[in-house]
S.K.: 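First, the structure itself, so that you have it in front of you.
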Amino acid sequence: MNHTQLERAAEFVARHLSQAPRVFIVLGSGLSGLAARVEDAKEVHYADLPGFPPPGVAGHQGRFVGGTLEGVPVLLQAGRYHFYEGHEPSLVVAPVRLASILGVQAAFFTNAAGGLREDLPPGSLMLLRDHLNLQGRNPLVGAVEPGEARFPDMTEAYDRRLRGVAVEVAKKAGIPLKEGVYAAVLGPSYETPAEIQMLRTLGADVVGMSTVPEVVTARTRGLRVLACSVVTNWAAGISGQPLAHQEVLDEGRKATAALEALVRGVLREGFVAPKQQ
Ligand code: HPA
């Protein structure tokens with residue numbers, strides 16, 4: 001994905017939305033239910049955008065949905081690009097750059113992840129407090145994109161204020177919400193039990209194959225970031241059961257209601273909606 005393609009794609013999406021989005025929301029595997037809840041929804045399919053190939057994984061669609069949620073103008077991404085598909089880093093993070101070009105100030109990432117901690121069984125929601133980048137690559141390698149820094153700070157990649165809002169919203173709504181560290185691995189094979197032991201030693205609470213490249217890119221562009229994992233399975237070797245992608249999709253769908261309530265609450269409390277005319 002080169003800069004010209006990105007700018008053209010951003011212009012195309014902007015032309016199809018009724019208003020500029022303020023918050024970018026990325027939907028993980030099996031979590032695309034929220035896209036159907038957007039009001040005044042305008043959809044743009046990847047097929048209509050220069051440089052956006054169809055995403056290859058079952059359960060991932062390829063489209064942006066613009067509109068409002070809780071009165072806040074949002075842009076949703078359903079269908080992610082992952083390194084494990086063989087995509088270039090510039091494509092994996094193109095949707096974040098596109099959203100940033102459209103003017104979003106914050107990004108809320110969701111993902112499916114395996115749980116390493118005893119109190120993170122399948123079905124749990126975990127807010128990311130920090131991450132471990134174990135993918136062996138960084139999306140910012142190479143020329144510095146306009147509006148990005150060479151050496152961006154990652155001390156507080158996950159916005160403290162927004163995390164506080166999420167915790168309050170969850171408390172009020174009775175949604176159990178944990179906090180922890182997300183380890184991003186390359187995939188696509190799931191981990192071995194020995195690798196999961198290693199990740200525990202390193203301080204990981206959940207493991208997944210996405211989000212970190214997007215968070216790094218969002219931060220270098222000055223976006224405030226919030227991210228939440230849906231634990232879809234016990235990480236390898238913890239339950240003794242083999243891991244299956246279908247289980248990941250099914251558990252993701254089951255958690256949709258809680259995640260939706262969390263996202264809505266954060267939009268309502270964390271981003272004061274413009275007054276209705
Ligand atoms: N490992 C890596 N990625 C994942 C997992 C897992 O156990 N579950 C969902 N995404």
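For ligands, and for the atoms within them, numbers begin at 1 and follow the listed sequence.
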S.K.: Indicate yes or no: does R264 engage E260 in a salt bridge with an N to O separation below 4.0 Å.
M.R.: yes
S.K.: Answer with yes or no whether the hydrophobic clustering places L202 together with V181; edges join I, L, V, M, F, W, Y residues whose side-chain heavy atoms lie under 4.5 Å apart.
M.R.: yes
S.K.: Can you name the atoms of ligand 1, numbered from 1 with element, that are less than 4.0 Å from a heavy atom of L243?
M.R.: 7 (O)
S.K.: Can a donor-acceptor pair be found, under 3.5 Å and without considering hydrogens, that links the side chain of E168 to the backbone of V165?
M.R.: no
S.K.: Does T220 use its side chain to pair, donor to acceptor, with the backbone of V216 at less than 3.5 Å?
M.R.: no
S.K.: At a non-hydrogen distance cut-off of under 4.0 Å, which region of V185 contacts ligand 1 (side chain, backbone, both, or neither)?
M.R.: neither
S.K.: Among all protein heavy atoms, pick the one closest to atom 2 (C) of ligand 1 and tell me residue, atom and distance.
M.R.: E191 OE2, 3.2 Å
S.K.: Taking E39 for its side chain and T68 for its backbone only, find out whether a donor-acceptor pair lies under 3.5 Å.
M.R.: no
S.K.: Could you tell me whether some N/O pair between Y190 and ligand 1 is separated by less than 3.5 angstrom?
M.R.: no
S.K.: Looking at atom 3 (N) of ligand 1, what's its closest protein heavy atom, distance included?
M.R.: G208 CA, 3.4 Å
S.K.: With a 4.5 Å cut-off on side-chain heavy-atom distances among I, L, V, M, F, W and Y, is there a chain of contacts connecting V144 to I101?
M.R.: no
S.K.: I need the contact type for A236 against ligand 1. Using non-hydrogen atoms and a strict under-4.0 Å cut-off, is it side chain, backbone, both or neither?
M.R.: neither
S.K.: Describe, in one word, how the ring planes of F64 and F24 are oriented to each other, choosing from parallel (under 30°), tilted (30 to 60°) and perpendicular (over 60°).
M.R.: tilted
S.K.: Could you tell me the residue and atom name of the protein heavy atom closest to atom 10 (N) of ligand 1, and the distance to it rounded to 0.1 Å?
M.R.: A112 O, 3.4 Å
S.K.: When you measure from atom 4 (C) of ligand 1 to every protein heavy atom, which one gives the shortest distance, and what is it?
M.R.: V207 O, 3.7 Å
S.K.: Which bit of T232 gets closer than 4.0 Å to ligand 1, counting heavy atoms only: side chain, backbone, both or neither?
M.R.: side chain
S.K.: Does the N or O separation between N233 and ligand 1 drop below 3.5 Å for any pair?
M.R.: yes
S.K.: For Q135, does its backbone N or O pair with a side-chain atom of N133 as donor and acceptor, under 3.5 Å?
M.R.: yes
S.K.: Quick one: look up the protein heavy atom nearest atom 5 (C) of ligand 1 and list residue, atom name and how far away it is.
M.R.: G114 N, 3.4 Å
